[in-house]
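Below is one structure, written out as structure tokens; comments come after it.
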Amino acid sequence: MPRESIDSRIARIRKGAVSLETEAELAARLREGRPLRVKLGADPSAPDLHLGHTVVLSKLRAFQDMGHEVVFIIGDFTARIGDPSGRSKTRPQLSRDEVERNAETYTAQVFRILDPGRTRVVSNSAWLDPLRFEDLIRLASTVTVAQMLQRDDYASRYAAGVPISLHEFLYPLAQAYDSIRIEADVEIGGTDQTFNLLLARELQRAFGQRPQVIMTMPLLVGLDGVEKMSKSLGNHVGITEPAFEIFGKLMSISDDLMPRYVELLTDLDFDDLRSRLGHPMEIKMALAGEIVRRFHGDEAARSARENFTIAYSRKGIPDDGDWVREIALPPGSHWLPQVMKDCGLAASTSEARRLMRQGAVRIDDVKVTDEQAVLEIGEGDRDRKILRVGRKKIARIGARPTA
RNA sequence: GGGCAGGUACCCAAGCGGCCAAAGGGGGCAGACUGUAAAUCUGCUGGCUUUGCCUUCGAAGGUUCGAAUCCUUCCCUGCCCA
């Protein structure tokens, strides 16, 4: 790597970050000229990564590209505690089996962004399992209850009379202890991690270590434009989702959200896009295309855009298999609501009936509102029907070949 | 340990013997509008081939022709006091 000034490297590192504590400490460590140990802790309670996670991961990748090492800590132990960060409710505690399974898919997904060659993967149960009660007391004695209650999610829950379990106080301690064990140089997290990150600094000091440099990244707002992106709120875009799904979801964000998404999720420049493309829809398509490209490649990005236009702008039927689910039924008559339920186009026959009543259901582009409607499936492959529920769900129904 | 207040559908929250599948709001879904959207307006929002039936109001029992509503026990939560 060509020599780059410390200042310039710091500028690259802190791009997009909300805070960096402290820049002087970071400069000092960079000056040492060794690969820094950058900590990433992951709580494998929700194994699927979404775009929100990629904000921090991309930053870690940037560190790797500068020659630093990422220590990826699987919080297999802490997952069993349940992190309360940024939540008004306690996270469910997971069983060992669940955690193990989750950790596996999680790791696989993380390497879509991180460089495996510069990543060390460890599990924090390695040191937290054998910890003795005595050790725990020593850890706990370094923090006061008042300090704990500074943290917003504890404070607001406490004020609102929402229960806080004692074990939740142990979570930040465990996370901080991880930093001590791996002697982290740097830790990065979302702004919701600020408290935990700061606490790790204090504990490191108490244990005679140099406190880690910490950097926080903005939380990505979810598709609803209000809450932070999270799987449990259903406002997320998973990085393993099919291309058309990612594209479609991104197209559904409000215009106001676009600049932030462009900034946090791509290397594109929003102002540049705006001056080149003009129309908000074009900009959004560029954003959606870029993100699809990142996880599925150029071809998928092009196809997603094309099919999206066909399906929604022109209300046609896209060619791509992903966009249209293929359904095979035995020849004969089928009660439509039952078909919709069986094919996942409606959650129940009751819902299917409702959708029909509301004019959301079309067969071959003809609206069907009669709840008693019957779908006739003829023999052979000729007679295929297009069933459309709302605008997003499209299925092509044909006869199941008789075996 | 004592006192008090609570636990209602995805979330918040009304209901306090029948008119309750349960008000209202949020969220979600659909339709209209549009530039994909957002905003706005309208409708829907437990299940079941549905003028009816079945399951639901922390759990289990009980009273009653009839219970989310009354009684008993239990479980859970918050507040105050110790």
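- Rounded to a whole angstrom, the distance from the C1' atom of B:C76 to that of B:G66 is 30 Å.
- Listed nucleotides: B:U49, B:U36, B:A38. Nearest to the side chain of A:Ser254: B:A38.
- In this structure, B:C20 makes no Watson-Crick or G-U wobble pair, since no nucleotide meets both defining distances under 3.5 angstrom.
- Atom P of nucleotide B:G35 and atom CZ of A:Arg391 are separated by 12 Å, given to the nearest angstrom.
- Note: A:Met340 CE to A:Leu355 CG = 5.0 Å, rounded to the nearest 0.5 Å.
- With both ends at atom P, the span from B:A32 to B:A38 equals 14 Å, rounded to whole Å.
- Here the C1' atom of nucleotide B:A37 and the CE atom of A:Met251 are 8 Å apart, to the nearest Å.
- Across B:G35, B:C48, B:U45, the shortest atom-to-atom separation from the side chain of A:Pro280 is found for B:G35.
- The side chain of A:Ala360 lies closest to B:A30, out of B:U36, B:U49, B:A30.
- We find that the ring of A:Phe308 and the base of B:U36 do not stack by the test of centres under 5.5 angstrom and planes tilted less than 30°.
- A donor N or O paired with an acceptor N or O is found under 3.5 Å between the base of B:G35 and the side-chain atoms of A:Asp255.
- Separation of the P atoms belonging to B:G24 and B:G43 is 12 Å when rounded to the nearest angstrom.
- Each of A:Glu371 and A:Arg362 was assigned the nucleotide of RNA chain B with the nearest heavy atom; the assignment lying further toward the 5' end belongs to A:Arg362.
- The CE atom of A:Met356 sits 14 Å away from the C1' atom of B:U50 (whole-angstrom rounding).
- Residue A:Gln358 has no polar side-chain atom (N or O) positioned under 4.0 Å from OP1 or OP2 of B:C29.
- Partner A:Glu25 forms a salt bridge (charged side-chain N to carboxylate O under 4.0 Å, His left out) with one of A:Arg210, A:Arg201, A:Arg31 and no other, that one being A:Arg201.
- Look at the P atom in both B:G58 and B:A13: the space between them is 14 Å, to the nearest Å.
- Remark: A:Leu220 CG to A:Ser230 OG distance equals 11.0 Å, nearest 0.5 Å.
- Across the strands present, B:C44 finds its partner in B:G28; the criterion is a Watson-Crick or G-U wobble pair with both atom distances under 3.5 angstrom.
- Under the Watson-Crick and G-U wobble criteria, each requiring two contacts below 3.5 Å, nucleotide B:A5 is paired to B:U77.
- Between the C1' atoms of B:G17 and B:C71, the separation comes to 13 Å (whole Å).
- Rounded to an integer number of Å, the gap from CD of A:Glu227 to P of B:G26 is 15 Å.
- Using a 4.0 Å heavy-atom distance criterion, A:Arg357 is classed as making no nucleic acid contact.
- Annotation: the span from A:Ile283 atom CD1 to A:Leu273 atom CG amounts to 6.5 Å, rounded to 0.5 Å.
- When Watson-Crick and G-U wobble pairs are counted only if both distances are under 3.5 Å, B:A68 pairs with no nucleotide at all.
- Interface remark: the A:Ser350 side chain does form a donor-acceptor pair with the B:U50 base, using a distance-only criterion of under 3.5 Å.
- For the pair A:Phe247/A:Arg305, a side-chain contact is recorded, criterion being any heavy-atom separation below 4.5 Å from C-beta on.
- The gap from the P atom of B:U55 to that of B:A68 amounts to 12 Å, rounded to the nearest Å.
- The separation between A:Ile164 atom CD1 and B:G78 atom P is 9 Å, rounded to whole Å.
- Nucleotide B:A82 is matched to nothing when pairs are restricted to Watson-Crick or G-U wobble geometry with both distances under 3.5 angstrom.
- A gap of 24 Å separates the P atoms of B:C4 and B:A59, to the nearest Å.
- Distance A:Lys341 NZ to B:G46 P: 16 Å, rounded to the nearest Å.
- Of the C1' atoms belonging to B:U51 and B:U40, the separation is 36 Å, rounded to the nearest Å.
- The separation between A:Lys367 atom NZ and B:A30 atom P is 14 Å, rounded to whole Å.
- Rounded to a whole Å, the NZ atom of A:Lys284 is 9 Å from the P atom of B:A37.
- When the shell of 6.0 Å around CD of A:Glu282 is examined, it contains more than 12 heavy atoms from other residues, nucleotides or ligands.
- Judged by Watson-Crick or G-U wobble contacts below 3.5 Å, the nucleotide B:U63 has no partner.
- At least one cation-pi condition fails for A:Arg118 and A:Phe63: the charged atom is not both under 6.0 angstrom from the six-membered ring centre and inside a 45 degree cone around its axis.
- Considering only the side chain of A:Ser348, B:C48 comes nearest among B:G35, B:C48, B:U45.
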